[in-house]
Amino acid sequence: MSASVWRKPLWMLMLLWAVVLVAYWPTASGMATIWWRSDTYAHGLVVPPAALWLAWRKRAQLATLVPMPSLWGLLGMTASALLWLAGDLVAVNAVTQFAFMALVVSAVPTVLGWRVTRALMFPLLYLFLAVPVGDFMLPHLMEWTADFTVAALRLSGIPVYREGLQFIIPSGSWSVVEACSGIRYLVASFTVGCLFAYINYQSLRKRLLFVGVAILVPLLANWMRAYLIVMLGHWSGNTLATGVDHLVYGWVFFGIVITIMFMIGARWADRESVPPFVAPTSVSNLVVTRSARSAWCVAWALLAVGLPHVMNWQLQARVQTGAVQWQPLVSQASWQLTPPPAEWTPAFEGANAQSHTGWVNAAGERVGLHLSFYRGQNYERKLVSSTNVLVRSQDKAWSQVSGDAVSTQLEGEPLTVQRAVLREQGAVLHAESTRLLVWQFFWVDGRVTASPAKAKLWGAWQKFKGQGDDGAIVVIYAPVPAGADQEAGQRMAEGALQTFLRDQGSAILAALRATQSRH
């Protein structure tokens, strides 16, 4: 087939990609910055070149096809652009970066058509692995690692006392932090495993099976790595597998395991099949149709790319930018202001204003109240963020030992809040450490929820309605009485929080609404 058939569509595709890259440059550059700075997502640097190489391998098959613009691809670009707008309204990097990559991918069927897209399906889908997502798995991965390590230590005859992600054995104390979660091993193995399976296997069953192995093996390897590191430290009197050795041994062990996995997988590799000869599609009947579609398809694609920016500019103009002026909280029932019951504050970043107070009632119940108010949110300052936590893993004063959800009531309506137990750090874990019972929820669009996903959706809807982006995080906490057993102490603290929310809940919401209106 003549190269001229492909020359113009390829130039149009590159032009459309260039426009997408320029229009969404902050999103694209932010994603590239994560690739460069993060050890977990550094694989993103090689995914686009790998996808281009995979597409180049298809050149003989592509030469038999005639590019034909597709309306379905245009719909895909429109949907991707609107998804980007929704993500940008609430500053969710994962959504905007996924939408950007979807724009890049859907430009292919828009300009070249679905027959070409089907031939390039895997290289195009492989591009989505460059989107740096996976942090949401960290809590589960860390919990699983701690579960396995403690169970393996006990099976080895070593006594273990565990609380949350921390545990002690006779030779010392250990804790599972983000670096121990295995997320880096999992992401790297999955990315390379998908590529290996596609190149070496022809059947879908074999490919899916190997990808499943590429997910399971790094999880098991990380659990075994954590156990062996603790055992090395135990046997050596904590002279080995600590500090930098901890990470070095981990990567060496992972490298050996993954190499063995690929060596075994290569034994069942299929011979690359030679596709049957397909006569080049006749161009004569398609030239007129393609020429008629190409111009207006690209024009509508450019409109779809630019429309979210226009809409976003209009919505941003309605966002309040004035300083936050707190409305004082009115005391209800017998509650009175007092110093906070503990020297602890949540690790919330970028709030426009924060309030941290203590309250006590006639019965002597003490409760702390923390409010973080957000306005004019962006990617560095936002209400719902993975960096907004009660306690950071590196915190030397406090640690979170448990977390779940609990049902309560606010203004007579049912409310589910996020519950956590915090423990004051000490040289040794023990049951008598100072503890706090903490409840947390979001206030967005005049409503309350403990769900980060709902808070994001409500925030986007609030902004879309032209009502700004004001929101707040509400945290109330009570000390767990010392001396009683943990369950009884937590019930007493929970009773204090229930009473405070029943008495002061309406006043808290009224203060937030008044603060929103003062600008």
Side-chain angles (χ1 to χ4, degrees), residues 23-27 29-31 80-100 133 135-136 306-327 329 346-356 369-390 410 415 417-418 440-475 508-519:
Y24 297 87
W25 175 251
T27 300
S29 62
M31 185 163 51
S80 300
L82 293 177
L83 178 63
W84 178 89
L85 174 62
D88 193 66
L89 287 178
V90 287
V92 181
N93 282 310
V95 174
T96 56
Q97 291 166 3
F98 181 89
F100 167 79
V133 294
D135 286 348
F136 67 93
L307 182 61
H309 292 279
V310 176
M311 296 175 65
N312 204 16
W313 175 76
Q314 293 178 336
L315 294 173
Q316 288 289 356
R318 303 177 186 179
V319 173
Q320 301 294 339
T321 57
V324 175
Q325 303 178 40
W326 279 116
Q327 174 68 27
L329 184 63
F348 298 155
E349 296 181 345
N352 297 74
Q354 291 185 325
S355 171
H356 196 95
L369 171 65
H370 178 92
L371 303 174
S372 286
F373 201 95
Y374 289 80
R375 172 178 292 170
Q377 300 178 50
N378 52 41
Y379 290 95
E380 287 73 37
R381 181 180 65 251
K382 51 188 175 180
L383 177 72
V384 183
S385 169
S386 60
T387 59
N388 282 350
V389 294
L390 296 176
L410 179 60
L415 171 66
V417 298
Q418 291 297 321
Q440 173 185 328
F441 58 91
F442 301 99
W443 176 81
V444 185
D445 195 24
R447 295 178 284 181
V448 291
T449 180
S451 167
K454 281 187 178 180
K456 283 291 188 183
L457 291 174
W458 291 354
W461 179 240
Q462 175 183 240
K463 200 170 181 180
F464 191 76
K465 292 186 297 183
Q467 297 177 356
D469 65 352
D470 285 6
I473 309 177
V474 180
V475 175
I508 293 172
L509 298 184
L512 291 174
R513 287 191 292 265
T515 300
Q516 182 182 28
S517 63
R518 296 174 65 179
H519 49 79

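From a predicted model like this one, the values you see are computed outputs, not experimental measurements.
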Colleague: When you compare the side chains of Q354 and S372, does any donor N or O come within less than 3.5 Å of an acceptor on the partner?
Modeller: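 On atom types as modelled, these side chains qualify, holding a pair under 3.5 Å.
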Colleague: Is the shortest side-chain heavy-atom distance between F442 and L383 below 4.5 Å?
Modeller: yes
Colleague: Sequence neighbours excluded, which residues qualify as side-chain hydrogen bond (donor to acceptor under 3.5 Å, both in side chains) partners of D88?
Modeller: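 In terms of side-chain hydrogen bond (donor to acceptor under 3.5 Å, both in side chains), with neighbours along the sequence ignored, D88 is linked to N312, Y379.
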Colleague: Checking N378 now: which residues fulfil side chain to side chain contact (heavy atoms under 4.5 Å, CB included) with it, not counting sequence neighbours?
Modeller: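 N378 satisfies side chain to side chain contact (heavy atoms under 4.5 Å, CB included) with E380, R381 only.
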Colleague: Shortest non-hydrogen contact from Q327 to A514?
Modeller: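 Taking every non-hydrogen atom into account, CG-CB, 3.4 Å.
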Colleague: Measuring only between side-chain heavy atoms, which start at C-beta, is F348 closer than 4.5 Å to L390?
Modeller: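 A side-chain contact exists here, since the closest heavy-atom pair is under 4.5 Å.
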Colleague: Between F98 and V133, does the side-chain contact (heavy atoms from CB on, under 4.5 Å) criterion hold? Intermediate values first, please.
Modeller: CA-CA 9 Å; F98 181 89; V133 294; over 6 Å; no
Colleague: So, using salt bridge (charged side-chain N to carboxylate O under 4.0 Å, His left out) as the criterion, who are the partners of D445 when residues are at least two apart?
Modeller: R447, K465
Colleague: Taking all non-hydrogen atoms of both residues into account, name the closest pair between A472 and L512 and its distance.
Modeller: CB-CD2, 3.8 Å
Colleague: Within this structure, what is the CZ-OG distance for the pair F100 and S80, rounded to the nearest 0.5 Å?
Modeller: 11.5 Å
Colleague: Return the set of residues passing ring pair (Phe, Tyr, Trp, His ring centres under 6.0 Å) with W84 (not counting sequence neighbours), or none when no residue passes.
Modeller: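 Residues passing ring pair (Phe, Tyr, Trp, His ring centres under 6.0 Å) with W84: Y24, H309.
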Colleague: Under the side chain to side chain contact (heavy atoms under 4.5 Å, CB included) rule, collect the residues that match up with L410, sequence neighbours excluded.
Modeller: L415, F441, V448, L501, L509
Colleague: So, for H370 and H356, which heavy atoms are closest and what is the spacing to 0.1 Å?
Modeller: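 Scanning both residues, the minimum pair turns out to be ND1-ND1, 3.0 Å.
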Colleague: For K456 versus K382, what's the shortest heavy-atom pair and its separation?
Modeller: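 Distance-wise, the nearest heavy atoms are NZ-CD, 4.0 Å.
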Colleague: Under the side chain to side chain contact (heavy atoms under 4.5 Å, CB included) rule, collect the residues that match up with T387, sequence neighbours excluded.
Modeller: E349, S385
Colleague: Is any side-chain heavy atom of Y374 closer than 4.5 Å to a side-chain heavy atom of D469?
Modeller: no
Colleague: K454: which residues meet the salt bridge (charged side-chain N to carboxylate O under 4.0 Å, His left out) condition with it, sequence neighbours left out?
Modeller: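 Partners of K454 under the salt bridge (charged side-chain N to carboxylate O under 4.0 Å, His left out) test: none.
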Colleague: Can you name the nearest heavy-atom pair linking T96 to G87, along with the distance?
Modeller: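 Closest approach of T96 to G87: CG2-C, 3.5 Å.
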Colleague: Please check: side-chain N/O of Q462 versus main-chain N/O of D470, any donor-acceptor pairing under 3.5 Å?
Modeller: yes
Colleague: How would you list, by chain and number, every residue that makes a side-chain hydrogen bond (donor to acceptor under 3.5 Å, both in side chains) with N93, sequence neighbours excluded?
Modeller: none
Colleague: Could you check whether any side-chain heavy atom of V474 comes within less than 4.5 Å of a side-chain heavy atom of L369, counting everything from C-beta outward?
Modeller: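 The answer is yes, as the side chains (C-beta and beyond) meet within the 4.5 Å cut-off.
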Colleague: Is any side-chain heavy atom of L89 closer than 4.5 Å to a side-chain heavy atom of W461?
Modeller: no
Colleague: Applying side chain to side chain contact (heavy atoms under 4.5 Å, CB included), name anything that partners S355, two or more places apart in sequence or on another chain.
Modeller: W326, T357, L371
Colleague: Can you name the closest pair of heavy atoms from V384 and P452 and give their distance?
Modeller: CG1-CB, 3.6 Å
Colleague: If only atom types and distance count, is the side chain of K463 paired as donor or acceptor with the main-chain N or O of V90 below 3.5 Å?
Modeller: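 Absent.
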